[in-house]
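See structure below.
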Protein chains: 2
Amino acid sequence: MSASVEPEAKESREKRPRAAQRIQEAAKELFYRHGIRATGIEEVCRVADATKMSLYRAFPSKDALVAAILEEDGQEMECLMDGVCQCSATPREKLNRLVEVMCEMIAQPGQRGCPLLLAQSEFPDSDHPTHRIVAEVKARKRAKMVQMAQDADAKDPAAFADAMGIMMEGSWFTLPFMGVERTTKAFRLATSALFRDQLPA
Amino acid sequence: MSASVEPEAKESREKRPRAAQRIQEAAKELFYRHGIRATGIEEVCRVADATKMSLYRAFPSKDALVAAILEEDGQEMECLMDGVCQCSATPREKLNRLVEVMCEMIAQPGQRGCPLLLAQSEFPDSDHPTHRIVAEVKARKRAKMVQMAQDADAKDPAAFADAMGIMMEGSWFTLPFMGVERTTKAFRLATSALFRDQLPA
DNA sequence: ACTTAGAGTGACCGGTCAGTAACATCAAGA
DNA sequence: TCTTGATGTTACTGACCGGTCACTCTAAGT
């Protein structure tokens, strides 16, 4: 994507890096780094170089902004999984690729857990919009995982997918106090054990 | 020190359910259920049937109260592990027992993750007191785990322990959106695969 | 009865937060 | 040029929060 702030072409459609987008990007970063409750609307606007009015013109409330960000997070994760699913490789090799993709993601600085689960942890009330989004995203992710497990002839594709889910969420979350090295090593060990146990030789 | 009310052996000194204790118990429950930031001091005092002044006589700040609760949580978890470690069983059997204990804990209503990691998620700043406590507790837990792995002749006790940690934290955290059934099933599958792969037959 | 220490009461402070209102600006497109 | 719509600016509201204060009450030990 070379798209940038280039006012070119006869069709000057490029007003997209507009306030709303800057706000969403800044909020995504701040919410993840410092937590949602800990980040005030005014700080988001300050970092986004926008104003509160711009925020509330684009999003009806802070919760709506959070929801928009979470939807985006979910889509990114799905894209990541699709990238692995759709590559040309054996089912077994796809699973290995997925493990490596996860390790790469985890190794990026500042990671402290899945943003969706982090948000859910901050808003435990089950009627908070966060819960619906998390449930939907995780369900889609699981469906893809079950499909991959089936393709790889796993003994119990559903349980296999859930076990992978536990391991992925677990390693993402334990990262802050285990460090990247130990976490990725343990994650690789756990997944390879699962593969050996549940996949045909 | 003069005088002092020394509680002697024989005497009945039992008014222990003092304000400070009621407050800590109520706070523990509320902080876990609704989140720490989401729970105000006044609500804690209301539920504990105590007053703010009683709270601040016993704890210098809300953070200190949080820290006290987290220490207690950590001790409870260590006791649980010690209960398994110290029973008379083969090392392998102890590991199986640990899995079952974990499943039982997770199956209790209202579980939504390890309280220590939940707290750490709410306060991402690494100089928050929470981080020190979490690091200490998790390090002790890991040491016990490494010992159990060694006793069971695991190929790589440290990596084994970390993998177990990932699986335990992971299942506790995925519980809210996976449900007890799927979570415990997947956790048992993952751990048994790890055991088969890393422990001698 | 007197002392004493823990516990309760209610008001209060300074600060922050989400969200709103009224008005000004600035860019293009007709 | 005039309009239009998306922005920026400043100030404000009302609620809540963590924490403090001065004071009162209660109960137990001597």
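Note on naming: letters A, B, ... go to the chains in the order of the sequence lines (proteins, then strands), and numbering restarts at 1 for each one.
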*Figure out the CZ/P separation between B:R46 and D:dC16, and round it to whole Å.*
12 Å
*asked:* In this structure, how many angstroms lie between the C1' atom of D:dT7 and the CE atom of A:M53, rounded?
replied: 10 Å
_Distance check needed: D:dT9 C1' versus A:E42 CD, whole Å only._
13 Å
*Can you tell which of D:dC21, D:dG18, C:dG8 lies closest to the side chain of B:A50?*
C:dG8
*Specify the separation, in whole Å, of atom CZ of B:F59 and atom P of D:dG18.*
15 Å
*So what does B:D49 touch, heavy atoms closer than 4.0 Å: a base, only the sugar-phosphate, or nothing?*
sugar-phosphate
*Write down the distance between CZ (B:R57) and P (C:dA5), rounded to a whole number of angstrom.*
13 Å
*Whichever of A:K52 and B:R37 has its nearest DNA chain D nucleotide further upstream toward 5'*: A:K52
*Over how many whole Å does the gap from A:L30 atom CG to C:dC17 atom P extend?*
12 Å
*Is A:K185 paired with B:D156 through a side-chain N to carboxylate O contact shorter than 4.0 Å?*
yes
_Residue from B:N96, B:T183, B:V99 passing side-chain contact (heavy atoms from CB on, under 4.5 Å) with B:R188_ = B:V99
*asked:* How many whole angstroms separate atom CZ of B:F123 from atom C1' of D:dG18?
replied: 12 Å
*Say you draw a straight line from CD of B:E42 to OG1 of B:T51; how long is it, rounded to the nearest 0.5 Å?*
11.0 Å
*asked:* So, OP1 or OP2 of D:dG8: does either fall under 4.0 Å of a side-chain N or O from A:R22?
replied: yes
*Could you grab the distance from atom CD of B:Q198 to atom OG of A:S192, nearest 0.5 Å is fine?*
7.0 Å
*Taking for each residue the nucleotide of DNA chain C bearing the nearest heavy atom, is the 5' side occupied by A:K62 or by B:A20?*
B:A20
*Check whether any side-chain nitrogen or oxygen of B:S54 sits under 4.0 Å from OP1 or OP2 of C:dG8, and answer yes or no.*
yes
_Proximal nucleotide (of D:dG19, C:dG8, D:dT9) relative to the B:Y56 side chain_ = D:dG19
